[in-house]
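Here's the structure we're looking at; comments come further down.
Heavy-atom basis, side chains included; hydrogens, waters and symmetry copies ignored. Chain A is the first sequence line, chain B the second, and so forth, proteins listed ahead of strands; every chain is numbered from 1.
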Amino acid sequence: MGRGYVLVVAEKPKAARKIAEALADGSGARLCRSGRIPFWMVYWAGRLHVIAPAAGHLYGLTTDEHGFPVFSYYWVPLWRIDRGASHTRQFLDVLGRLATSAAIFVNACDYDIEGSVIGYMVIKNVGDVGRAYRAKFSALTRQDVRRAFRKLDPLDWDMIEAGLARHELDWLWGINVSRALMDAVKLVTGRRVVLSAGRVQSPTLIEAVSRDKEIKLHVPLPRFAVRVTVEVGGRSYTGTLAAYEERRAAEAAAERLRRNRVLRVEHYREWMERLQPPYPFNLGDLQAEAARLFGYSPMFTQKIAEQLYLEGLISYPRTNSQKIPPTVDVASIARSLARLNEYRELIDYLLKATRGLLRPRNGPKDDPAHPAIHPTGELPRGALDKAERRIYDLIVRRFLASMAPAGVVAKASARLAAPGIGSMELAGLRVEEPGWLRIYYFAAPEEKAIPRLKPGGLVPVKRVSLSISYTSPPEPYSKASLVKWMERVGIGTEATRARIVELLFERGYLEARGRRVEATELGYAVAGVLSKYFPQLTSVALTRHFEERLEAIRARRAGRREVVEEAKAVLREMLERFKAEAMRDAGMELAKALGLVRPARRCVICGREAVADGLCSFHLEAVKRLVNMYGEWRRRAGLGCRKFLESIAGLRAAGQWVREAAEYFMKKGACPPGLAEYEA
DNA sequence: GCAAGGTC
């Protein structure tokens with residue numbers, strides 16, 4: 001090794017500090033500052049190490065070319081091309097100055113594909129990859145970091161190549177298809193409109209659009225339930241005894257029941273059940289829980305969690321892990337939190353109930369770089385605002401609850417039957433021993449008492465009634481459940497999912513009605529154009545393909561150039577064809593949705609462009625579904641066409657377009673073509 | 001101006 005110090009590149013300031021502390025021995029690490037950027041000096045193995053942070057990616061891809069297809073791009077400092085990344089300039093400046101006197105470079109960024117790229121780009125541009133090493137640690141603990149530095153590895157070229165390929169592939173697909181959409185609109189209208197598409201945002205848009213469509217086109221089917229009220233021990237209980245597709249069958253059953261007004265106790269059981277404590281939070285679980293309890297959007301929750309992290313109150317929040325490893329000193333965190341009044345009693349309880357043996361209940365999900373979200377034990381210095389307080393409290397309680405004893409609930413269930421008709425269950429629940437629920441009360445189950453019954457006994461029926469229920473449309477997405485969907489299918493990352501959902505709103509593809517996510521005209525149009533001309537972007541299959549190819553690069557079964565050239569070939573073919581044959585059609589579709597082009601004929605119901613029979617494609621589809629479902633409705637409810645339309649028009653469960661279509665025909669006093677006579 | 005990814 002030559003003269004000069006070792007420059008250690010960390011992914012972020014927090015990580016740089018932890019690495020410095022881990023390497024420091026006796027004398028400790030010296031904190032220095034250049035402007036607002038901290039770095040550390042420490043002697044390790046008798047040699048000066050300077051540990052300086054990046055701030056995530058400091059370089060990004062750009063191009064000088066306009067239009068599409070565009071296949072030439074190059075790396076530049078991020079601050080030059082991204083207004084939101086102006087802070088990265090100072091980080092890069094400091095690394096650049098420190099690099100001039102360094103003899104050796106170590107990439108000590110997170111040990112994942114992006115961390116490999118972050119450190120590599122810095123060393124390549126301001127240092128020297130010929131004098132560079134990789135430190136590989138799976139957690140930022142003293143033990144792991146020191147082990148990594150005792151035996152540094154050569155630069156991890158396979159990871160770097162895979163990471164660079166990820167950037168290039170996303171850039172090629174995203175920039176080209178986005179430009180194709182925008183240029184199509186420009187061609188037809190002469191207007192510049194910002195549109196976008198990408199490997200993650202587009203499948204998410206398609207999912208939201210198809211859910212919206214299923215809801216708006218839902219034709220509910222009726223079911224007829226026999227409801228009974230029984231009286232036991234002076235209290236009444238009501239339940240559904242049987243449900244029938246046809247009204248006549250339900251009426252007959254109700255009639256029989258009215259004649260023989262008893263139910264027989266078929267079964268009665270009481271038992272205890274353990275409620276296992278929850279796992280500590282990963283970001284997705286935190287976002288879902290904050291949405292459920294406080295109505296917060298995932299982006300908002302993430303922003304608050306990031307603030308708490310920067311204030312040192314919680315661990316790194318952008319994690320997928322539901323595990324707290326043994327290296328986290330949970331006992332001293334708990335002791336420290338006990339200094340806060342609101343947690344003192346709970347922690348006393350926790351220590352007593354576990355005899356001081358604190359072990360979190362870890363979940364299955366993992367993260368290569370970070371543990372589950374947990375409080376650090378540092379206490380808030382000033383007052384937290386309301387949202388910070390709520391999120392902090394949620395995280396603290398979840399963390400403590402994950403180490404608490406299981407809860408115990410007493411359950412009871414009874415089955416009451418009318419022979420030949422059906423049976424109904426009564427379910428009771430009582431919290432016997434709250435356990436972790438004392439701490440994480442947000443999950444407390446609803447208590448319900450039922451009478452103790454003797455099997456074989458008879459229970460008098462007080463009341464019999466017929467109720468109609470209807471099949472429901474699928475649940476609408478909320479921002480939080482859309483983020484959960486992305487997590488489930490494995491697209492985006494902890495850091496980007498909420499942001500990408502917000503982006504779809506910014507683009508005007510989605511809109512919110514309360515918590516409900518709906519697709520806009522533009523969202524439908526973009527989804528339609530992508531499905532037709534760039535079908536790869538409509539499903540998560542592209543991500544799966546990327547993963548396969550990147551894995552091949554890592555395993556040296558393929559090279560980056562080869563993989564990127566494959567993608568370019570596919571894109572070139574598609575983009576050239578789009579340009580030659582489809583620009584005008586696609587541009588018209590988008591322009592109409594944007595309201596930039598007036599449709600030739602308008603839908604008599606909604607004013608959108610009519611495609612046939614004076615109806616737009618949505619209402620045309622709605623009419624088709626009404627016609628298809630009418631036969632089944634008549635069989636079940638015995639209604640004529642007019643009553644059928646009236647029922648549909650008045651049902652909340654019916655989709656908006658279906659209701660509008662039904663109303664339209666009612667006003668017209670006619671049935672949709674293909675249906676029976678209106679008066680039938 | 002456009003992606004997805006990192007982080008202040």
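Near-neighbour residues of DNA chain B inside residues 199-212 of chain A, defined by a heavy atom below 4.0 Å, number-ordered: A:Arg199, A:Val200, A:Gln201. A heavy atom lying under 4.0 Å from DNA chain B marks the following residues of residues 173-193 of chain A, by number: A:Gly174, A:Ile175, A:Ser178, A:Arg179, A:Met182.
Within the nucleic acid shown, A:Tyr316 comes within 4.0 Å of sugar-phosphate atoms alone, with no base atom in reach, counting heavy atoms only. Nucleic acid contact for A:Glu306: none, since no nucleic acid atom lies under 4.0 Å from a heavy atom of the residue. Within 4.0 Å (heavy atoms only), A:Leu61 reaches at least one base atom of the nucleic acid. Using a 4.0 Å heavy-atom cutoff across all strands shown, A:Gly492 reaches sugar-phosphate atoms only and no base atom. Counting non-hydrogen atoms under 4.0 angstrom, A:Arg507 reaches the backbone sugars and phosphates but no base. Residue A:Thr496 is classed as a base contact, given a heavy-atom separation below 4.0 Å to a base. Backbone-only engagement by A:Leu195 is indicated by non-hydrogen atom pairs under 4.0 Å involving sugar-phosphate atoms exclusively. Nucleic acid contact class of A:Pro53 (heavy atoms, under 4.0 Å, all strands): none. Across all strands shown, A:Ala197 has heavy atoms under 4.0 Å from sugar-phosphate atoms exclusively, and none from any base. Residue A:Leu164 is classed as having no contact, given no heavy-atom separation below 4.0 Å to the nucleic acid.
One N or O on the side chain of A:Asn176 and one on the backbone of A:Leu172 form a donor-acceptor pair closer than 3.5 Å. Without hydrogens or angle criteria, A:Ser86 side chain to A:Trp79 main chain gives no donor-acceptor distance under 3.5 Å. With A:Arg507 contributing its side chain and A:Leu195 its backbone, the two residues share no donor-acceptor pair below 3.5 Å. The backbone N or O of A:Ala162 sits nowhere less than 3.5 Å from a side-chain atom of A:Arg549 that would complete a donor-acceptor pair. Side-chain atoms of A:Ser196 never come within 3.5 Å of backbone atoms of A:Ser178 as a donor-acceptor pair (strictly under, hydrogens ignored). Side-chain atoms of A:Thr520 come within 3.5 Å of backbone N or O of A:Gly508 as a donor-acceptor pair.
Counting heavy-atom neighbours within 6.0 Å of A:Gln143 CD, excluding the residue itself, gives a total of 12 or less.
Applying the ring-ring contact (aromatic ring centres under 6.0 Å, His included) test to A:Tyr316 and every residue at least two apart in sequence or in another chain returns A:Tyr309, A:His370. With sequence neighbours excluded, the residues forming a ring-ring contact (aromatic ring centres under 6.0 Å, His included) with A:Phe294 are A:Tyr296, listed by chain and number.
Where A:Ser196 and A:Tyr59 meet DNA chain B, the nucleotide closest to each residue was compared, and A:Ser196 sits on the side nearer the 5' end. Closest-nucleotide positions on DNA chain B for A:Ile118 and A:Glu168 were compared, and the one nearer the 5' end corresponds to A:Glu168.
Contact footprint of chain A on DNA chain B: nucleotides with an atom under 4.0 Å from a non-hydrogen protein atom, first to last in 5' to 3' order, B:dG1 to B:dC8.
With a 4.5 Å cut-off on side-chain heavy atoms, A:Trp173 and A:Arg199 do not count as touching.
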Which donor-acceptor pairs under 3.5 Å do the side chains of residues 205-213 of chain A make with protein atoms, sequence neighbours left out?
| from | atom 1 | to | atom 2 | distance (Å) |
| --- | --- | --- | --- | --- |
| A:Glu207 | OE2 | A:Tyr477 | OH | 2.5 |
| A:Ser210 | OG | A:Ile206 | O | 3.1 |
| A:Ser210 | OG | A:Glu207 | O | 3.2 |
| A:Arg211 | NH1 | A:Glu475 | O | 2.7 |
| A:Arg211 | NH2 | A:Tyr477 | OH | 3.4 |
| A:Asp212 | OD1 | A:Lys216 | NZ | 3.3 |
| A:Asp212 | OD2 | A:Lys216 | NZ | 2.9 |
| A:Asp212 | OD2 | A:Tyr524 | OH | 2.8 |

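The existence of a salt bridge linking A:Lys18 and A:Glu21 is excluded, since no basic side-chain nitrogen approaches an acidic carboxylate oxygen closer than 4.0 Å.
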